[in-house]
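First the structure, in the form of structure tokens, and then the observations on it.
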Amino acid sequence: MRGDYQQLVDEISAALGAPATLEDRDFGLIAFGAHEGEDDEVMDPVRTRSILQRRSSAAVRTWFEAFGITRATTPLRIPPDPAAGVFRGRICLPVRHRGIVHGYVWLLDDGHLTDLELGGLGNPPDPRIAQAMETAARIGALLADEARAGSELGDLLRELLTCPADEWRAAGAALREALRDSLRFPPGSPLTLVAVLPWEATEADGAPLPSLPGLLAACPLPADGALAGLVRLRSPGALTPARTVAEHLLRSPRAGAGGAGGAGGAGGTAGGRTRAPRPRAAGIGTGTEELSELPAAWRQALAAARAARAEPRLGPVGQWDAIGAYRLLTALPAPGPDPAVAALLAPAHTELARTAEVFLDCAGQAGRAAQALGIHRQTLYYRLGRVEKLTGLDLDEGEDRLLLHIALKAARL
């Protein structure tokens, strides 16, 4: 369908004599017409970013939506605003199908377009605008068809990933067969799953995001507070398409900032230690050629996303095979911190907890730890002594170090 969208956008560009771009309702770029002339004569920062990054920012989306484009059924003329990076005005053609907006066609409102009659108030639109709106309606029908197909795929993916273990043998086989038939590609094609955490569920989440090549299906999983995305790979070990999809999904306005606690990222504390809200993150599972392994790939992707939120150095997109000890930590139940470490996790001892964690991250090497913390070695020893007194653990003992290290890392999750 990518070629269909490009052809239709080119038709609109030709009809109106101006370069057009097509974006979905989340302002993800789908197709764009050729821009002739010098960039500084044709482009402005908003259009440049849209083409180069294949998505407009949340601020740009809010600015344009303030003109009523989500409710419009006829073309809208939007004035320039240099302060917003919109150096040229826009004509927005809403892309609708059966009353639902599926996207927008944008035209730069240059000199010759200012004379176009957009219609309204009893005035008929310019014939060229009428022709462009007919083409936009054809785009809307294509996007609606894609959304319906994506919704069905998303429903199948959700059922497959949430199928109870005791029903897996019978129901799981039927779901895998239905998913394989819907995907319509040969068995053995490599796939993986991407998790975006947290994700704000909406009515539109069942459909894939059409501007993301490689994203076959997407569905929210409210129990995990995340979005699951099924991505086709070139080979099981080549995860670049999944990373590209994850990075784009993280820029979606539905990828919420979230809080600190739980798998879904709701706010909270860990053993009494209040944590600041953590940023959104994504995770990627290992590639597989077997649909039966997708639930395992989902658990890996979700674990990688949780690790990327807990440990900034792993994010914002974490891969299961690169999160180290968090592969084990994310699989552990969360009954609460070990009694010996609970007091250390209190808000009053945040600096002590950080000191202990950095010391253990540095394999107990005092010089490295002091340098990483930016403190004198004697200050480090003083703080570690307080940690031992507070927890009753002996940092000269390997098992005590292991317990403390695991507890501190698990508290991040």
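No hydrogens or angles considered: nothing links the side chains of Trp199 and Asp224 as a donor-acceptor pair under 3.5 Å.
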Please tabulate, for side-chain N and O atoms in residues 390-397, each donor-acceptor pair with protein atoms closer than 3.5 Å (sequence neighbours left out).
| from | atom 1 | to | atom 2 | distance (Å) |
| --- | --- | --- | --- | --- |
| Thr391 | OG1 | Val387 | O | 2.8 |
| Thr391 | OG1 | Leu393 | N | 3.2 |
| Asp394 | OD1 | Asp396 | N | 3.0 |

*Could you walk me through whether Leu8 and Ile12 pass the side-chain contact (heavy atoms from CB on, under 4.5 Å) test, one step at a time?*
CA-CA 6 Å; Leu8 293 171; Ile12 293 176; 5.9 Å; no

_Could you walk me through whether Thr330 and Arg299 satisfy the side-chain contact (heavy atoms from CB on, under 4.5 Å) test, starting with their C-alpha distance in whole Å, then the side-chain angles of each, then the deciding distance to 0.1 Å, before giving a yes or no?_
CA-CA 9 Å; Thr330 52; Arg299 291 190 292 271; over 6 Å; no

*Evaluate the side chain to side chain donor-acceptor pair (under 3.5 Å) criterion for residues Gln300 and Arg327: first the C-alpha distance (whole Å), next the side-chain angles of each, then the deciding distance (0.1 Å), finally the verdict.*
CA-CA 8 Å; Gln300 293 172 352; Arg327 291 199 293 268; over 6 Å; no

*Candidate pair Cys219 and Leu221, rule side-chain contact (heavy atoms from CB on, under 4.5 Å), full reasoning*: CA-CA 6 Å; Cys219 64; Leu221 296 178; 4.2 Å; yes

*Would Glu311 and Lys409 count as a salt bridge (charged side-chain N to carboxylate O under 4.0 Å, His left out) if you check the C-alpha gap in whole Å, the side-chain angles of each, and the deciding distance to 0.1 Å?*
CA-CA 9 Å; Glu311 195 73 67; Lys409 294 297 184 186; 3.3 Å; yes

*Please lay out, stage by stage, how Arg61 and Glu65 fare under the test salt bridge (charged side-chain N to carboxylate O under 4.0 Å, His left out).*
CA-CA 6 Å; Arg61 171 179 175 161; Glu65 287 182 343; 2.9 Å; yes

*Between Trp298 and Leu230, does a side-chain contact (heavy atoms from CB on, under 4.5 Å) hold up when you go through it step by step?*
CA-CA 9 Å; Trp298 169 245; Leu230 181 64; over 6 Å; no

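Within a 6.0 Å sphere centred on CD of Gln371, other residues, nucleotides and ligands contribute 12 heavy atoms or fewer.
A donor-acceptor pair under 3.5 Å is formed between the side chain of Arg96 and the backbone N or O of Ala72. The backbone N or O of Pro279 lies less than 3.5 Å from a partner atom in the side chain of Arg309, making a donor-acceptor pair.
Between Glu289 and Pro236 the shortest side-chain heavy-atom distance falls below 4.5 Å.
Here the CG-OG1 distance, from Leu193 to Thr286, works out to 9.5 Å after rounding to the nearest 0.5 Å. Put simply, CD1 on Ile284 and CG on Leu233 are 9.0 Å apart, with the number rounded to the nearest 0.5 Å. Here the CG-CD1 distance, from Leu22 to Ile139, works out to 5.0 Å after rounding to the nearest 0.5 Å.
Look at Glu134 and Arg138 and you find no salt bridge, because none of the NZ, NE, NH1 or NH2 atoms lies under 4.0 Å from a carboxylate O. The pair Asp81-Arg90 does not meet the salt-bridge criterion, since no charged nitrogen lies less than 4.0 angstrom from a carboxylate oxygen. Remark: Glu357 does not engage Arg354 in a salt bridge, criterion side-chain N to carboxylate O under 4.0 Å.
Ring centers of Phe64 and Tyr104: at least 6.0 Å apart, outside the cut-off.
Ala59 pairs by the side-chain contact (heavy atoms from CB on, under 4.5 Å) definition with Ser57, not counting sequence neighbours.
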